[in-house]
Each structure stands twice: as structure tokens, then as C-alpha cells.
Amino acid sequence: MTDVFRCRFAPSPTGYLHVGSAQSALFNWLFARSTGGQFLLRIEDTDAERNRPELTDNILEMLQWLGLDWDGEPVHQSDRFDAYRAAADQLIASGAAYACDCTTEQVQARNKAAGGPPGYDGFCRDRGLEPGPGRALRFRTPDDGVTAWDDVVRGKVTFDNANLEDFVLLRSSGTPTFLLANAVDDDFMGITHVIRGEDHVNGTPKYLLIRAALGLVDQPQLAHLPLLVNEGRKKLSKRRDDVSVADYKAKGYLPEAMRNYLSLLGWGPPDGVEVRPIEELIELFRLEDVNPSPAFFDLKKLEHVNAEWIRRLDPADFVERAEAFLTDEAEREALRALGSLAQERVKVLSELPEYFDWVHGPADDERSWEKAMKVPAAADLLDGAVAGYEDAPWDRDELHARFMDLAARLETSASKAQGPIRVAVTGRISGLPLFELLVHLGREETLARLRAGRARLG
RNA sequence: GCCCCCAUCGUCCAGAGGCCUAGGACACCACCCUUUCAAGGUGGCGACACGGGUUCGAAUCCCGUUGGGGGUGCCA
């Protein structure tokens, strides 16, 4: 075998890829790419009841979108039941596992009656039940001693074996649980580094015990990454929080920004430069530098990183990506003409429509109207603009110059003077630079809107 | 309840015993620039949870307290 590092991302297709998983995938990927190792994929679909195969497509699609390319073909656990069965048989034969016919309800009832802690009470441990259909298989955990490992991000973690219950290896349906499947597959795939979320820490001693009982001596390095939390400092959850990577894509976050931001949670480049190409991130990333405390998934900062990435885009690239967020060809035409002006303003691509909806007429925005038109000289401004633009050469500098003259004549600041014109033409109090926009709109349409605005003013 | 983990500005990250009167970024505030809004520039606000040790010296090491989180499924 080689001495190349091998890590894996092992999602289960029970939901869309979410940002926490994406970060875990990203750190695995960064680790592999920075060490010349391999980044493998394993689809954990042992639970037929919960799996939704189409979700696997979403997960792979989002990984690709993020640019997290994997090595080799993904391993599907649903293809490997024979291997788990064989491992289970081995554990039965060695006495490390035993059959159990307790139902969950029975276990809970006994715990309640005894006033004891939750978890399996070892009822079937010495009943000598014959393993078979309808009976779960449990692991016989040691009664004493400790199970410990040196976690790459957390240091030494130790569990007393006495606190470990006899957990389930095979369900009564005969299918394996993830603990067994992981132990078997990590060996099968030659995994040298298990890099996953902190929520897996408590399962780790069980995983280690299974490995030992199976005679697997080359223990992989373990690294438990910090959890991503919400403003309430709780683990990001599908129910409460906006976590679907696909949703962020739909909102117009760039994959470059998404992965860049995710790399900044729980880790940071030593030189403090945060927004930078993935190649540099790869070069700088060190698994042992990841810190163990939970990190808040901060949308504001994500937006900032996204805005930075948008501004760094090649203008043509920006237009290409932006087009998908506009609804019709007229707007896209305006985008192609004025794109770079929008590029430096937008934080998220989905904001684009509000920068271009004036194409079909002034937006309906009462607040903007009132705010702009309360300027005393509003009517004179509109009249003056019509008069000045009727015969103006239709270019940006000329429109600007005539506007400045008009504002000076009416003794109104340029800042205030542009309001009524902007709102008459676009409907909004703010937006793209006015004169470039007018150039694109054209003389006829501009004058028509100015006159309509003037008429509405009364 | 029990087990495990965590603890530097509001947030993210830097700091691996003296370079720290703790640095950068986001957010926020002010000013500048400016046809709006952004962007950009300048400045400001703002933290080593607490208590004991160890040490000549601690944000950095140890112990405890407090606070927070995770796990506790025949889910993964």
C-alpha cells in the first residue's frame, strides 16, 4: 500500500447538502490537496427507510459546484452489506457481540422503572440468544479501562469504558448501523485520517472499540472539527437555520466565496489575508491549526466575502454569471451595457433585478417618490431636465454637465437635485449611476418618463 | 441526570511564556471622496470569563469555579 494520506467525506442522503457538511467536506478536501493525499467519498445509505437516493445527486452536485473534486468513485454502503455481515459474524464468533431481542420501548421502560440513566442496560448480555432475524446485534463493551485517542484538533480525549453502553451493530432487520459500517469501510478504503464534525466525538470510542475487536490495528488519525452554530450558539439545524448549500447558490453566492468563507470558520491563514484564491488556501491550510471551539456562521461576513469575490470577477465573467438572475432580454441587454456599475454594488447576485427593473418603466415605490419629490425645486428640476435634455448630445458627460448647470441655476445641491430625476426615471431613490443609465435608456424614453413624473407632481 | 468538549473585541481569526499599553477582518459609528447607493480612504468603539497556582515573567502551562455547546436512537 502507499503512504499517501487518505481522508473521506461521508454524507448520508437524508437531506440536502448543508453548510456544516460542506465545511467538513471542504476541510477534508483542503487536507488532501495540501498534503498530496486523496479525498474520497462514501455515501452512507444503510438506512433504507430514510434514504432518498435523489439527495445523493444534490450532494454530489453541490460538492462539484463548490469545486471539491473527489478521487475515485464514491463508495455506497448499500453495496457493501456482505462486508458488514462478515464483520458482524466475526464479532459474534469472538464473543465481542451478542444478540438482543429487546425493543426500544422495553429498554426505556426498564430504565424508567429503575430510575437509571438512558441507554441500554445490558439485559441480553448473558442470555446467550442465538443471533438471527428479528434480533439486533449488540457490541459487548468492556466493563473497565479507557478508550482514548489523540485528536488532531482537540488533543487527548478519553472515555471510561464503563460509561459505554452495549450499542447496536446490526439492526433487527439485519442492516448495519453507521458505527459498524464506518469501522469496516474506513479500513476497506484505507482511510488514514478521519476528519468530521464534533458531533461525532461521542461515537468515536465505540468506533475504536469495534476496530480493535475486528483486529484492525492501524488506527487512523482522528480530527473533530468545530461545529457551525447560529446566533443562539446552537448547532446549525435544518429546521431553524438557512443551511442548504443549494439555497445559497440560488441566492447568488459564488462558489468561490462560499468555500472561501467556510475555510475561515475554525481556521485562519497565518498572515491574516482572508479573501484569497483557493490555491493559496490549500498551500496555507494545516489540519493541526484548526481550532476546537464552535464558530458562528455569520451571514453578514459571508455577504462581504461574496461581494469581494463578485468585484474581483472579470467583467465578462460577471455578466455571464449575472444573466441568470435577470428575467428578460431587455434587462440582460442593460446588464451587458452597465454591468460593471452593478458589479461593484451587488453583494449577492439575486439583488440584480432591483438594479435593472427600471428597464421596463419606473418601479412602483411610493417611499422613494415621496422622499425625492419633497425637494422644493422638484418640479423645476424636472422641467429643467426636460428642457436641457431635449437637444443634448446623448452621452454621459454632456448629460452630467447639463444637470450640474441646472442644479446650480436652481441653487440645489447636486446630491438633492438628482433625486427627482432619478425617481421619475427609475422609480427608486438609489441605484446605478444616473447618467450612464439615461444613456442606455435613450432620449425618447427618458423624456417621456421625466414628463410623466412632472405630470404626476401636478 | 450521565458522558465528552469548549472558553481572546458583538462575530470570525492571529497570538504556540517575555516582541501584547493584545493584532487583522466583519458589523457598527464618525469624517473624507461623491449625481444616489455602493466601493474606496481615514479615524473611532471594542476582548484575554472568574479564582487559585507554576514562573523572574502568563492571553499563552496546571487546577478549580462559572458559563456555553455536543452526545446520550435498532439516525448518521
Side-chain angles (χ1 to χ4, degrees), chain A residues 10-15 44-47 49-50 77 100 102-104 107-108 115-120 135-138 151 154-155 157-160 162-165 167-179 181-182 196-205 224 226-227 229 231-235 261 264-275 289 291-305 307-308 311 341-347 355 368 372 399-400 403-404 407 413-419 421-423 426 428-435:
Chain A
S12 78
T14 53
E44 309 225 317
D45 52 356
T46 59
D47 188 350
E49 313 237 323
R50 292 161 188 268
Q77 292 190 325
C100 167
C102 299
T103 64
T104 304
V107 174
Q108 284 173 347
Y120 185 63
R135 286 175 179 170
L137 189 71
R138 287 184 183 272
D151 198 278
R154 266 151 231 282
V157 182
T158 307
F159 285 79
D160 282 331
N163 290 321
L164 269 22
E165 62 181 315
F167 55 92
V168 171
L169 296 167
L170 293 181
R171 303 184 186 95
S172 51
S173 64
T175 60
T177 61
F178 100 115
L179 256 2
N182 272 15
R196 43 158 36 170
E198 190 200 335
D199 46 346
H200 288 292
V201 167
N202 291 275
T204 300
H224 288 92
L227 250 24
V229 300
E231 45 279 270
R233 298 253 115 209
K234 302 257 192 267
K235 181 169 80 156
Y261 175 62
L264 265 17
L265 296 176
W267 178 78
D271 61 9
V273 179
E274 296 185 319
V275 179
D289 290 341
N291 65 26
S293 36
F296 172 51
F297 185 76
D298 187 353
L299 261 164
K300 284 262 181 60
K301 183 139 185 180
L302 204 213
E303 281 189 354
H304 170 263
V305 172
E308 288 251 333
R311 278 182 244 126
L341 298 175
Q343 184 173 1
E344 55 192 23
R345 266 158 252 265
V346 167
K347 280 189 161 66
Y355 280 94
S368 286
L399 296 181
H400 181 234
F403 164 77
M404 293 304 279
S413 72
S415 170
K416 277 190 178 148
Q418 59 96 44
I421 298 174
R422 176 182 291 281
V423 171
T426 72
R428 294 186 193 280
I429 191 75
S430 69
L432 264 19
L434 185 56
F435 307 107

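Given the structure is predicted, the values throughout are model-derived calculations rather than measurements. Chain identifiers are assigned alphabetically (A, B, ...) following the order of the sequence lines, protein sequences preceding nucleic acid strands; residue numbering begins at 1 within each chain.
- Base-pair partner of B:G1: B:U72 (Watson-Crick or G-U wobble, both distances under 3.5 Å).
- Note on A:Ser173: every side-chain N or O is 4.0 Å or more away from OP1 and OP2 of B:C74.
- Counting any heavy atom pair closer than 4.0 Å across all strands shown, A:Pro433 reaches a base atom.
- With a 6.0 Å cutoff to the six-membered ring centre and a 45° limit on the axis angle, A:Arg345 does not count as a cation-pi contact of A:Tyr355.
- In this structure, A:Asn291 does not reach the B:A16 phosphate: none of its side-chain N or O atoms is under 4.0 Å from OP1 or OP2.
- As judged by a 4.0 angstrom heavy-atom cut-off over every strand, A:Phe435 is placed among the base-contacting residues.
- Note on A:Lys234: only backbone sugar-phosphate atoms sit closer than 4.0 angstrom, heavy atoms only; bases stay farther off.
- Nucleotide B:A30 has B:U42 as its partner under the Watson-Crick or G-U criteria, with both atom distances under 3.5 Å.
- Looking at heavy-atom distances under 4.0 Å, A:Gly119 makes contact with sugar-phosphate atoms alone, never a base.
- With a cut-off of 3.5 Å on both Watson-Crick or G-U wobble distances, the partner of B:A25 is given as B:U11.
- For the pair A:Tyr120 OH and B:U72 P, the computed distance is 19 Å after rounding to whole Å.
- Heavy atoms of A:His224 sit nowhere under 4.0 angstrom from any nucleic acid atom.
- Between the CG atom of A:Asn163 and the P atom of B:C3 there is a distance of 6 Å, rounded to whole Å.
- Base engagement by A:Ala136 is indicated by at least one non-hydrogen atom pair under 4.0 Å involving a base atom.
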